[in-house]
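Written below as C-alpha cells is the structure these notes are about.
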Amino acid sequence: MKKTLLTFFALAIAACAHAQFTPNNLVVTKVTPNSTYNRAATVSLEEYAPIGGAAVSSTNLSIGDDFYLPYGSASNQFTGYLNLSTDQQLLTLYGYNQLPPSAGNTELFSINAPSRTFVAVNANQTVTKIVTNAHTNANVNRGAMAYPLGDGTYGTYLFGHGAGTRYSVYDPTSATLSTSVSVNSLNTISAKIYHGKLYASSQVGNIGVNAFDANLPTAASSVTSPAPLLALTNAHDFVLFKIGANQVMYVGTAANAATAADGLFKYYSTDHGATWTAAGKIDGNISTVADNGFRFLTGRIENDKITIYAVTSNNTTNSIKKITDETAYNTTIGNATVGITISNVATAPTGSGFRGLAFTPGTTVTLPVTLAEKLSAKALGTHVALSWATASEQHSNRFEIWHATNGKDFSQIGQRPTNTPNGAKYSFTHNNAPKGNNYYQLQQVDQDGQRTTYGPAVAFVALSSADFTVKASRTGVSLQLNSEQALKVGSISITDITGRVVAKQQVAIAIGINQYELPLTLAKGVYVATVKGEGLQLVKKFALN
C-alpha cells in the first residue's frame, strides 16, 4: 500500500540507551495530576515484576510538554489503554499533545485540540512520539493497537470516541504515520487483535465486545453482533483465549460511578465465537466500591493456567491484580470458586493512578498451538518413537524436534509442518538412537518466528547383548561393555548353573569401552554373567572347559 505521510512531524525520539525492558514483566500506564491543570496528568510507563511486584523501571512520556492524559472525573478514567504489538516488539499508547489554555478543572477532551500524539516504545525503551489528526477537537482518544506488515512497518489502529477506530501505517525507521483511514465510527473503548482478527469494546448501551467483519480491516468495516452477551454494559478491556476447540473471554467492566455490579466477567463459546455463554464474574475490591471494577486487562497462559492481569477501577491508588483461573472453560466463577486465585501485584502511589496494562516487549504472550497430548517418547529396540497431538493450531508454521543425551545440549534432528487449525496427531521416529537416556524437546515455531518449547520427554535405549562380551579362564573373568553414554552405577555378577552367585562387583559405566576384570577361581562348567543398572540388564551365558 502506498503511504501518504502526514505533514505532522515526529515530535521527539528520545533514546533511553541506559535501560531496557525485561521480557515477561508488566508495564502499566501511570498518570499523575498536573498541579496547575487538575484534569490533566503527566504520564509514565512503570515496569513491574509480576511475581513479587518489584518496581523495575520507569519511562517518562511527558518530557517536552507534548503528551498528557485526562485525570479526575469518572469519564476520564477509561483512557490511556496500553497495548503490546502482536509481534511483541512495541508498546503503543495514544494521548493528548497539549494542556488546557488556563489553569483549573478544564477537561482535555473539551479544549478542542486539533490533533493528538501517538506513542511507540520499543524494547530498549526508546520513545517515539508522532502528532496525528486521526482524532481531533472533542473526540476522545483512548488507545492504539499495532501489528507487523512484514516490511518493517506496522498496521496501527487508533481508537476512541467520535472518530471511532481509524487505521494508519506506522514506520519506525522514519518515525511517521500515514494519513489515517476510517474503519468504523463505533464509540470504541478498547481494541485488540486475537488470532488474526480485530475486536473492539464499547461502553455505549449494551454493545459489549464486537468482532469486525474484515479480520484486519484497512478501510470501512462493519462490526458483527455483540460478542459476549447482549446485556453486558460498561465494557472496557478484554482478553480472549482459545482452549482446544473452545474460546474463553474475560471482560473488565466499570460504570462511571463504579458499583458492586462491576467486575471481571467470564464468557465461553463452543461454536467459534458465534454465541457466548456467561460464566460468572470476579470482584476487584469489594471493600472499596469505586475500586471494584476493572478497566484495563492483559493475560496469557502461564504454567498451563489462564492468567489475567487487571487494573482496578479507582481513579487513584488503584491496583494491578493477578487472577488465575484453573477451572474448566465452561465453569462459572466467583471470588471464592475453587481454582480461582487472586493476588495483588502492585498499587499506584498516593496521588497517582494506574491505567493501561501490557506485557513488556520480548514477552511470549500467546501460544499459537494448544497441545491435546503432551510429547511422549518410547524406546523400541534401537529406535525411539515420539508422539504428540494438538487441539488447535493458530498462525503456527512447524514443530522442530530436538535431541540431547545429557538433558541440556539439544540439537535439531527433524521437523514436522503445522497447518491444521483444529489440531492433529504427530509422530516422529529417531532411528539408531544412542544407548542410555535420550532427551527430546519440541520447539513450536509460529509464522513470525516466535518459539515455544514443550518437553522434555525421556526414553532409555538399553544396551544389547552385542555390546557385552565375556572371556573366562580358570583364574578370572574378563568383561567388556561398549556404551555410547555414561550410565548410572551398576553391578556385575557371575552365577553358576544352579544360580549360586560366585562373584559380584559394583562398577561405573562410562562412555566407550568399559573393561572389567573379576579375579576368581572357576571350575569347569557353565556360568552366567549379568550386568545390571537403572533401566539396564544384560545377560551373557559362557562356559569354561
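If you're wondering where the values come from, they're calculated on a predicted model, not measured in any experiment.
Separation of the F399 and W388 ring centroids falls under the 6.0 Å cut-off. Ring centers of Y154 and Y147: at least 6.0 Å apart, outside the cut-off. Two rings, from H430 and H403, have their centers less than 6.0 Å apart.
With sequence neighbours excluded, no residue forms a salt bridge (Lys or Arg N to Asp or Glu O under 4.0 Å) with K321. Residues passing the side-chain contact (heavy atoms from CB on, under 4.5 Å) test with S343, sequence neighbours excluded: K322. Residues that satisfy the side-chain contact (heavy atoms from CB on, under 4.5 Å) test with L380, not counting sequence neighbours, are K378, A385. Looking at residues two or more places apart in sequence or on another chain, you find no salt bridge (Lys or Arg N to Asp or Glu O under 4.0 Å) involving E47. In terms of the ring pair (Phe, Tyr, Trp, His ring centres under 6.0 Å) criterion, residue partners of Y81 (sequence neighbours excluded) are, by chain and number, F296. Every side-chain contact (heavy atoms from CB on, under 4.5 Å) that A529 has, sequence neighbours left out, goes to F468, V470, L479, I494, F542. Residues passing the side-chain contact (heavy atoms from CB on, under 4.5 Å) test with T530 are S493, V528, K532, Q537, V539, sequence neighbours excluded.
The salt bridge (Lys or Arg N to Asp or Glu O under 4.0 Å) pairs that include a residue from residues 490-501 are D496-R500, where partners are two or more places apart or lie in different chains. Among residues at least two apart or in separate chains, there is no salt bridge (Lys or Arg N to Asp or Glu O under 4.0 Å) pair with a member in residues 468-479. Within the structure, ring-ring contact (aromatic ring centres under 6.0 Å, His included) contacts touching residues 494-523 (residues at least two apart or in different chains) do not occur. Listed by first and then second residue, the side-chain hydrogen bond (donor to acceptor under 3.5 Å, both in side chains) pairs that reach into residues 502-513 come to none, sequence neighbours excluded. The salt bridge (Lys or Arg N to Asp or Glu O under 4.0 Å) analysis of residues 323-337, with sequence neighbours excluded, yields the pairs K266-D325, K305-E326.
Using a 4.0 Å cut-off between a side-chain N of Lys or Arg and a carboxylate O of Asp or Glu, E373 and K425 qualify as a salt bridge.
In this structure, the side chains of Y329 and T270 come closer than 4.5 Å at one or more pairs of heavy atoms. V121 has its side chain out of reach of L90: every pair of non-hydrogen atoms, C-beta onward, lies at least 4.5 Å apart. For the pair Y194 and Q247, the minimum side-chain heavy-atom distance is 4.5 Å or more.
Ring geometry, F354 versus Y48: the interplanar angle exceeds 60°, so the pair is classed perpendicular (tilted spans 30 to 60°).
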Step-by-step ring pair (Phe, Tyr, Trp, His ring centres under 6.0 Å) determination, Y309 to F359: CA-CA 9 Å; Y309 295 93; F359 289 106; 5.8 Å; yes

